[in-house]
Enquirer: 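After the structure tokens below, expect a handful of questions from me.
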Amino acid sequence: MKKYLILQHPGHNRVYYNLSGQLALSELEIATRRLDADCSDSKIDELEKVRYLSFTTEEDITDHDLEILSRLSFVFAIFRLEQREDQTCLIPISKVDYEYVDNKVSSLMKYAGKTNELFTKMMINVGLLSSDFDYNHKIQLLDPVAGRGTTLFEGVVYGFDVTGIEIEPKSVHETTVFFKKYMEAERFKHTSGQRQVSGQKKSEAIYMQEFEYARTKEEFKSDQLRKKLGVVTGNSQEAANYFKKNSFHLIIGDLPYGIAHGNKGAAKSSSITRNPSELLSLCLPQWHQVLKKGGVVVVAWNSFVVSRQKLSEIFTDNGFEVFTEAPYDGFEHLVDRSIKRDIVVARKK
Ligand SMILES: C[S@@+](CC[C@H](N)C(=O)[O-])C[C@H]1O[C@@H](n2cnc3c(N)ncnc32)[C@H](O)[C@@H]1O
């Protein structure tokens with residue numbers, strides 16, 4: 001038997017770190033199902049008063065396993081535990097260097113209502129590891145409630161093609177201005193433009209701000225290696241008018257919380273304060289169309305406002321298969337006095 005210990009990322013937020021042991025364990029358990037090695041006994045462990053996540057395997061983990069483990073949102077360092085005479089030794093294992101764009105891209109912008117980056121990364125991992133796809137596919141990711149782009153930027157770190165829909169033009173503007181500056185500062189080869197994605201008359205036109213980019217000129221020339229980021233200034237309830245059927249492998253989003261974040265512009269918008277179940281009922285038929293078979297939706301919402309049961313029913317009514325068993329029920333956590341956050345994970349059959 002082999003035992004592995006994972007030191008958890010201290011994160012950017014102490015509150016999130018303290019609460020996130022259980023979330024990390026749930027993410028780890030979902031990941032271990034996709035590993036080559038036969039895993040058992042995943043748990044929160046303690047060694048010399050330091051918290052780790054641990055698991056045991058029959059044989060050594062493979063390179064493929066390390067590809068998955070290195071990407072988990074909470075992973076700071078991975079060790080193999082060895083007992084040498086009367087000493088417990090932690091042997092460090094090199095993580096896989098998987099970032100297409102440096103992870104700072106999703107943490108540079110600071111604003112009220114921003115979704116925690118590590119939590120966002122966790123939603124992407126849980127979605128992908130629960131889908132029929134893996135990190136080697138040319139993943140197309142949609143955030144249908146994109147805000148100022150945390151999910152899009154976490155997807156960019158993975159080298160996915162990412163698309164957002166956001167109803168607030170100001171947020172779309174800030175996201176695209178930031179990304180353009182980032183591309184310039186980091187010397188990525190890129191082009192940007194605007195494309196109409198819906199609307200017959202000029203007054204009904206809906207546009208997507210689009211980027212194509214790559215690390216080098218050579219990569220940019222290749223259709224396989226060139227990456228895309230796009231943001232539609234529009235309403236997620238119209239998603240099927242903006243994109244072709246079966247376009248996306250993943251739909252990942254942090255739904256409006258049913259409370260305002262001290263931002264006057266945002267507080268005025270009725271869509272921000274709308275109950276998440278109402279928004280989902282209107283959006284899911286459209287999201288179902290644009291998601292590929294075997295693709296997965298992960299949404300975070302405020303479970304003080306609507307129950308898990310209610311939200312799961314809306315997914316089931318719209319033809320999705322909801323993951324209800326453990327560890328999928330292990331993600332609920334308190335963010336502040338008015339927000340208890342949870343996620344629902346649902347697959348298109
Ligand atoms: C919780 S915020 C997402 C924050 C985002 N993850 C970030 O870190 O920037 C939810 C977003 O959904 C947007 N929204 C609400 N209703 C929408 C709709 N019908 N279509 C598109 N976006 C919508 C809001 O304007 C808000 O920006």
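One is the number of the first residue; the rest follow in order along the sequence. As the structure lists them, so they are numbered: ligands from 1, and atoms in each ligand from 1.
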Enquirer: Using a strict cut-off of less than 4.0 Å between a Lys/Arg side-chain nitrogen and an Asp/Glu carboxylate oxygen, indicate whether Glu174 and Lys170 qualify as a salt bridge.
Expert: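 Salt bridge present between Glu174 and Lys170.
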Enquirer: Taking Asp161 first and then Lys227, would you say they form a salt bridge - that is, a charged N and a carboxylate O separated by under 4.0 Å?
Expert: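 Answer for the salt bridge query: no.
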Enquirer: Are Asn125 and Tyr135 linked by a side-chain donor-acceptor pair shorter than 3.5 Å?
Expert: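 Side-chain D/A pair, Asn125 to Tyr135: present.
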Enquirer: Do any nitrogen or oxygen atoms of Tyr111 come within less than 3.5 Å of a nitrogen or oxygen of ligand 1?
Expert: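 Indeed, backbone or side chain, Tyr111 has an N or O that close.
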Enquirer: Just which atoms of ligand 1 are under 4.0 Å from any heavy atom in Gly234?
Expert: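 Counting from 1, the qualifying ligand atoms are 20 (N), 21 (C).
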Enquirer: Ser236 heavy atoms, cut-off 4.0 Å: which ligand 1 atoms fall inside?
Expert: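 Counting from 1, the qualifying ligand atoms are 18 (C), 19 (N), 20 (N), 21 (C).
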Enquirer: Where's the contact between Cys283 and ligand 1, heavy-atom distance under 4.0 Å: side chain, backbone, both or neither?
Expert: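 It is neither part, as no heavy atom is under 4.0 Å.
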Enquirer: Check the side chains of Gln200 and Glu204 for a donor-acceptor pair under 3.5 angstrom, ignoring hydrogens and angles.
Expert: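 Short answer, no.
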Enquirer: Whether Lys95 and Asp97 form a salt bridge (side-chain N of Lys/Arg under 4.0 Å from carboxylate O of Asp/Glu) is what I want to check.
Expert: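 Result for this pair is no, no salt bridge flagged.
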Enquirer: Pro256 near ligand 1, heavy-atom distance under 4.0 Å?
Expert: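 A heavy atom of Pro256 does come that close to ligand 1.
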Enquirer: Quick one: does Ala300 get a heavy atom under 4.0 Å from ligand 1?
Expert: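 Heavy atoms of Ala300 never come under 4.0 Å of ligand 1.
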Enquirer: Regarding ligand 1, does Ser171 bring an N or O atom to under 3.5 Å of one of the ligand's N or O atoms?
Expert: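 No; the residue has no nitrogen or oxygen that sits under 3.5 Å from a nitrogen or oxygen of the ligand.
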Enquirer: Are Glu321 and Lys349 close enough for a salt bridge, meaning some N to O gap below 4.0 Å?
Expert: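 Judged by the 4.0 Å cut-off on N to carboxylate O distance, Glu321 and Lys349 do not form a salt bridge.
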Enquirer: List ligand 1 atoms under 4.0 Å from Thr115, heavy atoms only on the residue side.
Expert: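 So the answer, numbered in order with elements, is 4 (C), 5 (C), 6 (N), 7 (C), 8 (O).
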Enquirer: Taking the basic N atoms (NZ, or NE/NH1/NH2) and the acidic carboxylate oxygens, is any pair closer than 4.0 Å for Glu82 and Arg84?
Expert: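 Salt bridge flag = yes for Arg84 with Glu82.
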Enquirer: Enumerate the atoms of ligand 1 whose separation from the nearest heavy atom of Glu168 is less than 4.0 angstrom.
Expert: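 Listed by number with element: 25 (O).
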Enquirer: Below 3.5 Å, N or O to N or O, backbone or side chain included: is there any such pair between Asp143 and ligand 1?
Expert: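 No; every N/O pair is 3.5 Å or more apart.
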Enquirer: Run the salt bridge (Lys or Arg N to Asp or Glu O under 4.0 Å) test against Arg71 and tell me which residues pass, sequence neighbours left out.
Expert: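 Partners of Arg71 by the salt bridge (Lys or Arg N to Asp or Glu O under 4.0 Å) criterion, ordered by chain and then number, come out as Glu67.
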Enquirer: Under 4.0 Å from a heavy atom of Leu279: give me the atoms of ligand 1 that qualify, with their elements.
Expert: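 Listed by number with element: 19 (N).
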Enquirer: With sequence neighbours excluded, what pairs up with Gln209 under the side chain to side chain donor-acceptor pair (under 3.5 Å) test?
Expert: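 Scan of Gln209 (side chain to side chain donor-acceptor pair (under 3.5 Å), adjacent residues dropped) gives Gln194.
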Enquirer: Side chain, backbone, both or neither: which part of Pro144 comes within less than 4.0 Å of ligand 1 when only heavy atoms are counted?
Expert: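 Backbone only; the side chain of Pro144 stays clear of ligand 1.
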Enquirer: So, regarding Glu166 and ligand 1 (criterion: nitrogen or oxygen to nitrogen or oxygen, under 3.5 Å), is there a contact or not?
Expert: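 In this structure, Glu166 places an N or O atom under 3.5 Å from an N or O of ligand 1.
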Enquirer: Suppose I only count heavy atoms of Tyr257 and a 4.0 Å limit; which atoms of ligand 1 are within that range?
Expert: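 With Tyr257 as reference, the close atoms of ligand 1 come out as 1 (C).
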Enquirer: Counting both backbone and side chain atoms, is some N or O of Thr151 under 3.5 Å from an N or O of ligand 1?
Expert: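 No, no N or O pair falls under 3.5 Å.
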Enquirer: What I'd like to find out is whether the side chain of Asp132 reaches to under 4.5 Å of the side chain of His137, using heavy atoms alone.
Expert: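 Result no, sub-4.5 Å side-chain heavy-atom pair not found.
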Enquirer: Any atoms of ligand 1 less than 4.0 Å from a non-hydrogen atom of Gly149? List them with their elements.
Expert: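 Heavy-atom distances to Gly149 below 4.0 Å select 9 (O).
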Enquirer: Flag the pair Lys121 and Glu117 as a salt bridge only when some basic side-chain nitrogen lies within less than 4.0 angstrom of an acidic carboxylate oxygen.
Expert: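 Here Lys121 does not pair with Glu117 in a salt bridge, since their nearest N and O are not under 4.0 Å apart.
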Enquirer: May I ask you to decide whether Arg51 forms a salt bridge with Asp45, counting only side-chain N to carboxylate O separations under 4.0 Å?
Expert: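 Judged by the 4.0 Å cut-off on N to carboxylate O distance, Arg51 and Asp45 do not form a salt bridge.
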Enquirer: Heavy-atom pairs closer than 4.0 Å: do any link ligand 1 to the side chain of Leu255, the backbone, both, or neither?
Expert: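 Backbone only.
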Enquirer: Return yes or no for this condition: an N or O of Lys114 is under 3.5 Å from an N or O of ligand 1.
Expert: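 No, since none of the N or O atoms of Lys114 sits under 3.5 Å from an N or O of ligand 1.
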Enquirer: Within ligand 1, which atoms have a heavy atom of Asn235 less than 4.0 Å away?
Expert: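 Near Asn235, the atoms of ligand 1 are 18 (C), 19 (N), 20 (N).
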